[in-house]
Asker: 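Have a look at this one.
Atoms within a ligand are numbered from 1 in the order they appear, just like the ligands themselves. Sequential numbering from 1 along the given sequence is applied to the chain's residues. Keep in mind it's a predicted model, so treat the numbers as computed, not measured.
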Amino acid sequence: MLIVYPDYYKEFSCVAGACEDTCCAGWEIVIDAQSLKKYHESKTFRKRLLRDIKWRKGTFRQCKDGRCAFLREDGLCEMYRQMGADSLCKTCRTYPRHIEEFENVREYTLSVSCPYVARLLLNRQTPVTFLEEEREMTKSECYESFDYFLYGSLLDARTEMIRILQNRELRIEERLLLVLGIAHDIERRYRQNRLGETTEVLERAKKESSLYTVRKCLEQWSGASRRRYAIAKKHFERLCELERLREDWDQVLIDTQMLLYVQGANAYRSLQQEFREWTKAQAPWLDIQIEQLAVYFISTYFAGAVYDGRIYGKVDTMVAYLALIYEICVARWLKNEKMLEQEDVIEVVYRFSREIEHSDENLEQMECALWWRLSELTE
Ligand code: SF4
């Protein structure tokens, strides 16, 4: 089997007790059937296991403050201490690793919902690369009706998209609009049974004329301040409608709404302009962080379109994630008396990811919504 992973994958190691926002609190940890059986049959640590597992639900009990009942005051896991690393359930053993499976290919990523991973990715200057290795696997799943042709086209498109996203000679907005255009054109061809034209689509995206079109769109878009305000406000309202995983996320949403949208379109436009100028002078690293995140979302989710055909949806959602994170950062900058550190962005990103990427319901809602109609951007 072919194993694919980003070049920083092996640098991860959990900082456990030293973690500023442990993953063992704030959400219910679901125990896999095998581990549940093991806990049920365990002779050691029996009293605690019986008491601190919700057996019917198959989750660990949470204390009033939302911490896992096995999490000690010092941030270490009591079950790990008493029963060893092998005792951990699949969720605890795997997190923050994320696995996507395709026929004979397994892709690993690290979720940016872990502060350590977010820091690893967002503090890095150089473009991320992806490594591959062949491994013997005892168990390989067989996927009925796996669409190899679509999968191959998606991989070609993903490689080209990552190349564009990492082209620092272009502005980040240009790169995002170019990849949005590629996804749009490939999905249209897929629906019209013309997927064989994928190479043409990718070749066309490399031409100067595509860049020229993108620049013209962005120029018009930057002049359409009322429309930009209305769309940003509407998008943020959608984010607020999603399921909440942690109560303290509410404050982030309320702050952003109050600081950015209450005073209307003109105030919003000046604020965005001021922030953009400030980042150019004081925080040029922000564009690199956006690039790293864009590559993270595309590499994690795009090939999954082989199962649902939502080719445009994957990229559309990625741009929506970035735009929403950006908005929260603008609000954070304003709240911090017009200051934003790399650490602020890291915090926004890991908290955003916890809310969205760890709720199947939220992920589905984000992906099913149409965020950017290309016609709306190019009107
Ligand atoms: S969030 Fe990451 S660093 Fe923190 S305890 Fe969990 S895995 Fe470890």
Side-chain angles (χ1 to χ4, degrees), residues 5-32 35 39 48 52-53 58-100 106-124 128 243-249 251-252 289 292-293 295-297 299-301 321 325 328 332 341-360 362-363:
Y5 54 93
D7 56 9
Y8 56 88
Y9 186 81
K10 290 185 180 168
E11 287 171 45
F12 170 76
S13 90
C14 173
V15 291
C19 182
E20 76 253 50
D21 197 351
T22 174
C23 54
C24 307
W27 46 29
E28 256 189 340
I29 299 168
V30 178
I31 308 167
D32 58 290
S35 304
Y39 299 148
R48 276 292 296 279
D52 288 335
I53 289 174
T59 58
F60 293 119
R61 194 175 62 75
Q62 285 175 290
C63 302
K64 277 198 185 114
D65 57 4
R67 289 163 68 89
C68 171
F70 292 97
L71 182 63
R72 303 177 349 166
E73 276 307 311
D74 60 5
L76 299 176
C77 172
E78 188 61 17
M79 185 188 290
Y80 184 100
R81 303 275 297 194
Q82 298 283 342
M83 297 168 71
D86 290 345
S87 67
L88 298 182
C89 71
K90 199 173 164 205
T91 311
C92 297
R93 254 191 340 259
T94 313
Y95 183 84
R97 295 162 195 88
H98 174 92
I99 302 165
E100 291 281 329
R106 186 173 291 169
E107 297 191 345
Y108 288 88
T109 42
L110 293 168
S111 172
V112 289
S113 57
C114 159
Y116 185 95
V117 175
R119 200 162 283 124
L120 202 59
L121 180 69
L122 299 179
N123 276 343
R124 148 188 191 136
V128 171
E243 174 196 34
R244 307 274 204 284
L245 268 67
R246 293 181 177 219
E247 278 175 22
D248 57 5
W249 183 241
Q251 197 55 49
V252 176
Q289 288 190 325
Q292 307 290 28
L293 274 177
V295 171
Y296 162 79
F297 286 124
S299 60
T300 306
Y301 297 110
Y321 287 152
I325 289 171
I328 298 171
R332 175 67 66 95
E341 309 274 355
Q342 277 178 261
E343 276 297 315
D344 290 313
V345 183
I346 287 165
E347 191 207 313
V348 168
V349 166
Y350 84 72
R351 291 178 69 187
F352 180 92
S353 165
R354 282 185 179 189
E355 292 296 317
I356 309 299
E357 290 190 278
H358 292 279
S359 156
D360 290 340
N362 288 347
L363 267 180

Asker: Kindly say whether Arg246 contributes a backbone atom to a donor-acceptor pair with the side chain of Glu355 at under 3.5 angstrom?
Answerer: yes
Asker: Under 3.5 Å, side chain of Asp32 to main-chain N/O of Lys90, donor-acceptor pair present?
Answerer: yes
Asker: Quick check on contacts: which atoms of ligand 1 are under 4.0 angstrom from a heavy atom of Pro115?
Answerer: 1 (S)
Asker: Please classify the Arg119 to ligand 1 contact at 4.0 Å (heavy-atom distances, strictly less than): side chain, backbone, both or neither.
Answerer: neither
Asker: Show me the donor-acceptor pairs, under 3.5 Å and distance only, between side chains in residues 58-69 and residues at least two apart or in other chains.
Answerer:
{"unit_1": "Arg61", "atom_1": "NE", "unit_2": "Asp52", "atom_2": "OD1", "d": "2.9"}
{"unit_1": "Arg61", "atom_1": "NH2", "unit_2": "Asp52", "atom_2": "OD1", "d": "2.8"}
{"unit_1": "Gln62", "atom_1": "NE2", "unit_2": "Trp27", "atom_2": "O", "d": "3.3"}
{"unit_1": "Gln62", "atom_1": "NE2", "unit_2": "Gly66", "atom_2": "O", "d": "3.2"}
{"unit_1": "Asp65", "atom_1": "OD1", "unit_2": "Arg67", "atom_2": "N", "d": "3.1"}
{"unit_1": "Arg67", "atom_1": "NH2", "unit_2": "Arg72", "atom_2": "O", "d": "2.8"}

Asker: Do Tyr321 side-chain atoms and Phe352 backbone N/O form a donor-acceptor pair below 3.5 Å?
Answerer: no
Asker: Is the closest heavy atom of Arg354 to ligand 1 under 4.0 Å?
Answerer: yes
Asker: List in chain and number order the residues that pass salt bridge (charged side-chain N to carboxylate O under 4.0 Å, His left out) with Arg354, two or more places apart in sequence or in another chain; answer none if no residue qualifies.
Answerer: Asp21
Asker: Please state whether the rings of Tyr9 and Tyr5 are parallel, tilted or perpendicular, taking 30° and 60° as the class boundaries.
Answerer: tilted
Asker: Among residues at least two apart in sequence or on other chains, which ones pass side chain to side chain contact (heavy atoms under 4.5 Å, CB included) with Ser111?
Answerer: Pro96, Ser113, Tyr296, Ser353, Glu357, His358
Asker: What protein atoms of element N, O or S are positioned under 2.8 Å from atom 8 (Fe) of ligand 1?
Answerer: Cys14 SG
